[in-house]
Every structure is written in C-alpha cells, then in structure tokens.
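Chain naming here is simple, since letters A, B, ... match the order of the sequence lines and numbering starts at 1 in each. Only a predicted model underlies this, so the values are computations on that prediction, with no experimental measurement involved.
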There are 2 protein chains.
Amino acid sequence: MLSPLLSSSIKYYLCFMQTVIIGSGNVAYHLAKAFVLNRIPLAQIFGRNENELSKISGELNIPYSTETLQKADLYIICVSDHSVEDVSGTITTKDCLVAHTSGSLPKEILKGDYRKASFYPLQTFSKSKALDYSKIPFFIEAENEEDRKILFEIASKISDNVMESTHEKRKYIHLTAVFACNFVNHLFARAKEISDLQVIPFDYFLPLIDETVQKIHEIDPKSAQTGPAVRNDTRVLQLHEQLLQGESLEIYKTMNLSIKKMYQLP
Amino acid sequence: MLSPLLSSSIKYYLCFMQTVIIGSGNVAYHLAKAFVLNRIPLAQIFGRNENELSKISGELNIPYSTETLQKADLYIICVSDHSVEDVSGTITTKDCLVAHTSGSLPKEILKGDYRKASFYPLQTFSKSKALDYSKIPFFIEAENEEDRKILFEIASKISDNVMESTHEKRKYIHLTAVFACNFVNHLFARAKEISDLQVIPFDYFLPLIDETVQKIHEIDPKSAQTGPAVRNDTRVLQLHEQLLQGESLEIYKTMNLSIKKMYQLP
C-alpha cells in the first residue's frame, strides 16, 4: 500500500503528466480513444503510418508526428510484438516510464535507460467496432510501487477491472485469450464458410452463438457441452466427416477427439 | 401458397388439435415450455424417465405418462438421434403427423404408417438455462402443403424465424452449428482449463468473449480475425506451444494451421 501522502501526490502528478502513445493500429487507436473519453490528457500519438495517425489525430484531436517523438513522462507502446523492442530503443528520454501493451512480452524487452512496465488490456480491438472500455480488464506490472500506482490510476480511470500481473501470469492470460477469442472467431469463420457454400444465411446462427456465450456466464463450459461428440453419436460424427474436407475436416476431428478425451469417452 | 380457405381452416384445426411431445430431455423440456408459454395446447408429454417427466409435468402443468402414449394428431419426437427410429415405431396411430427434432436425420427415418415431418429448432438447450424462444430459428420439412402449414403455424406462434428446409440443407445447418456452438463451447472449456491451472479467474475473459461474439454481428468473422496466427507471429506461436500439452496443444496447432491456410500465410 502507498502512503496516503504518496497516493495523493500521484493523483496530483497525473494532472500534469505528459503521456505519448506510440503506434497507429487497433490497440493504439482504442487506447487513445479511451484516454480522451476519460479526460486523461495525451500529449502526442507517434508512429510511422501518417495516414492512420492523421485519421486518429483528426477524430480524437490529439497532436501526432511520424518524425519527432515528444519528450514525455509516460510512453505507452502499442505496436506489434515483434516491433516492441526496436521501437522502445528509439525513446531517448531517461527520466520516464515506458510501458508496452503486449500479452506475451516481459517488460525487460524494453531497451532503454528508463523505468519499464507492462500495461496489458485484455480485449480484441478492431478500429471499426466501438467498445465499452469500462469492462476491459487491465493487467499492470512495473518496477516499483510508484510506477505501479501511476499505471493503476490511469487504467482505473478507463476500467473498473484493473489488476497486477507478473509476466509469467500474463503469458497464460494471453494464451487463454487465444483459445477464447482468436480460435473462437476462427471457428465462426470456418462455420460461415460451410453455410455460405450451402447458401444458408449466417445470420440464422447468431441466436445460437449468442446463447452459447450467454450460457457460460451462468454455467461452467464443461457442464454446458452439447453436440454429437459429447453424446458419443458415432453416426452423426461419421456423417459430418463425409461432408467436410481440408482444414475444416482437420478441425472437426481434433475438436471431437479433444471433447471425447475431456469426458473420458471411448 | 395455401388458399385462404385452407389457411383459415388450418388455424381453426389447430385450436382442437391434440399434440404430444415424446421425450424428457433438454429439447423436450424447452419445446414443451415454449408451447405452454405461447398457449399452444399440449395433450401429453410421454417418455421413459419418470423422474424428469414428473418434474416437467409439475412445472408446466401437462399430463405425462411413461406407459400409455395418448392418441393424438401430432407427435413431436424429442429424443436422441439414435433413439428416434425406435421411438417412432411405437406410434400406432395412423391418421396423424409425426415430426422429429433432429438436425441430422431425414424424416424418412420415422417408421410408421403416418405422415412424416421434421421440426428442427436451431438452438442449444440446457434445462437450467432460460431461453428467449422467439429468436430460435425453426426449420420445417413435411410431406405435403397442409402438414407444412400446420407446423409453420405452430412454430410461428413460438418464433419470428420459421423456414422450410430439406434434409440435405438441414445436415449442413447442423454441421455449421457444431462448429459455431459445440466446438466454440469446447474452446471455452479448454481455455478455462488453462486459466484454472494458473489460478486466473475465468470471469476475466468474459468481456473479451462477449466482444468476440458482438463483433461478428457487425463484421464478417474472416475480417475480424486477430491473434498471433493471423499476424504470423512465430515467436508467440512457439512460446505458446511450449506452455501447452495434450489435447490443448493439438487444438492449438490445428487451429493455427487452419488460420494460416485461410489467410494464405506461409
């Protein structure tokens, strides 16, 4: 716990803090928007893609640059994992805090003579899709209590759901998210491929999909499992395999095998 | 199109029609409940499981029997696919309509000297989870226009979304549903297994999961894909493979391969 004096001085500090977001992709855009909507001042949005930056800058009324990174107290790096290290090396300010937003990188990937941190929002971001930022869990890691408190204060202005997390834990959070979000979306894409081929509107499946997700708000997903594999319905499983080919057939077999294993079916 | 006279006579007929639901599982329970809520009379609910039948009967105030199948105009068979044929053979009434609720069986599986039909609700049913029946798509197939109209009228009292469907099309609807519902739920179960092992509350992932599904109401799932595979982020993919084992590792590899193929990545 911070002392009340330190805590109130951090709140005071935040009013004057200069923050820069680096990046122009989905995460950079939504984080910048979340800052603006919650009246957290942004000094600059910096990146390489002038076209994207000027769009974000225009919409959110934040200065941008592709050339001169402004001196700041906090830099939040929102670029692809493989660019985080290089981008972090371009920050020459010393007395500052730098956080990346990656689920899978340690804060030590950041290369520079500054304080390092992780500021990980657990959500899937698309520019074209509005979001309720207050529900996004933020996972924070920093080198010291003051920096942790600064990032907590900022994230708490955006979201009701802010937690500390080590890199070790964050790796598993990210991995879980890949199953629960990225792979789930890919199943929707493969499902739509099947229904499109048969000229069945994919909209027919939306109530079923909504219910599938609604269910796990109330029931453990293991208890909610339905379908031919958990019923061990060999006839349907064989029929379906005849209707499929390529990658969808591979997914079909792998998922059914995994379902059978989970429920210890023969 | 039915003539207006036939159409109005069918509506009149429905007022006096005797309907029996056969089965005591999730589909039987929810279909019976949907009938009762929409004031469609049910003469009986019939099955083998006295315990379940008496619970449904008590809740919905419908007579039940495990011994004597009542004479009726319409029987709706709500039992597991592998039991449909046997159960249908026990119906000895001749001048009646019998419909099954299976997504994968042809109506010809029904064995008896009566008119045959399919009455397929596209939804995932659990007894413990309430449902908005008005959103459930119903797919209807019958031998003649009158029977089709009867089933359409009934389904339309329950849902805003009633369509005709051949067996051929229904097979693909069911297959699509397995990907979009059963497999999606299994991914949630495997995701929860990973987060449970790390003592990370699965609730953290619900906003992400909700957003993943909200997105495909607005964006084609193929365009909405995010994550390490579609970014071709080899470092993260390798890291994640080291964290996984068993069935989850197999799913991880299969899904990533399929994502890469869909987006023609190396």
Please find the pair of heavy atoms, one from [X] and one from [Y], that lie closest to each other, and give the distance.
| X | Y | value |
| --- | --- | --- |
| B:P221 | A:A189 | CB-N, 3.7 Å |
| B:I251 | A:S258 | CD1-OG, 3.4 Å |
| B:T212 | A:A180 | OG1-O, 4.5 Å |
| B:A191 | A:T176 | O-CG2, 3.3 Å |

Distance-only donor-acceptor check, side chains B:T254 and A:T254, under 3.5 Å: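 Judged by distance alone, the side chains do pair up.
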Side-chain donor-acceptor contact under 3.5 Å, A:R231 with B:S80: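 Checked: A:R231/B:S80 side chains show no N/O donor-acceptor pair below 3.5 Å.
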Rounded at 0.5 Å granularity, tell me how far [atom1] in [X] sits from [atom2] in [Y].
| X | Y | atom1 | atom2 | result |
| --- | --- | --- | --- | --- |
| A:Q214 | B:D132 | CD | CG | 11.0 Å |
| B:N182 | A:Q225 | CG | CD | 6.0 Å |
| B:F205 | A:L122 | CZ | CG | 5.5 Å |
| B:Q123 | A:D210 | CD | CG | 9.0 Å |
| A:I200 | B:R170 | CD1 | CZ | 11.5 Å |
| B:F125 | A:T226 | CZ | OG1 | 10.0 Å |

Atom group of B:M262 that falls short of 4.5 Å from chain A, counting heavy atoms: both
Interchain contact, B:L187 with chain A, by part (heavy-atom threshold 4.5 Å):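 When you check distances to chain A, atoms from both the backbone and side chain of B:L187 fall under 4.5 Å.
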Looking only at heavy atoms and a cut-off of under 4.5 Å, which of [options] has the most pairs with chain B?
| options | answer |
| --- | --- |
| A:K215, A:E250, A:K253, A:K261 | A:K215 |
| A:T234, A:D203, A:V213 | A:V213 |
| A:H82, A:E168, A:K222, A:K171 | A:K171 |
| A:N185, A:I194, A:L257 | A:N185 |
| A:L131, A:N26, A:I136 | A:L131 |

Under 4.5 Å heavy-atom distance to chain B, tell me which part of [X] shows up: side chain, backbone, both or neither.
| X | result |
| --- | --- |
| A:L243 | both |
| A:D233 | side chain |
| A:D220 | side chain |
| A:S248 | both |
| A:V236 | side chain |
| A:L239 | side chain |
| A:V199 | backbone |
| A:E218 | side chain |

Option that, when pairs with chain A are counted at under 4.5 Å, heavy atom only, ranks first among B:H217, B:E193, B:K169: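 If we count pairs closer than 4.5 Å to chain A, B:H217 comes out on top.
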Partner chain A: residue of B:C181, B:S165, B:S223, B:A229 with the largest heavy-atom pair count (under 4.5 Å):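 Among B:C181, B:S165, B:S223, B:A229, the one with the most close pairs to chain A is B:C181.
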Side chain proximity check, A:F202 to B:I216, heavy atoms < 4.5 angstrom: yes
Beyond-backbone contact of A:R190 with B:F183, side-chain heavy atoms, under 4.5 angstrom: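 Answer no - side chains too far apart.
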Are more than 12 heavy atoms, taken from residues, nucleotides or ligands other than [X], located less than 6.0 Å from that residue's [atom1] atom?
| X | atom1 | result |
| --- | --- | --- |
| A:K135 | NZ | no |
| B:K260 | NZ | yes |
| A:R235 | CZ | yes |

Side chain to side chain contact (heavy atoms under 4.5 Å, CB included) assessment of B:Y172 paired with A:L197: CA-CA 9 Å; B:Y172 282 98; A:L197 273 173; over 6 Å; no
SB check A:K129 B:E211 (cutoff 4.0 Å): yes
Flag, side chain of B:Q198 to backbone of A:I173, donor-acceptor distance under 3.5 Å: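 It does not hold such a pair.
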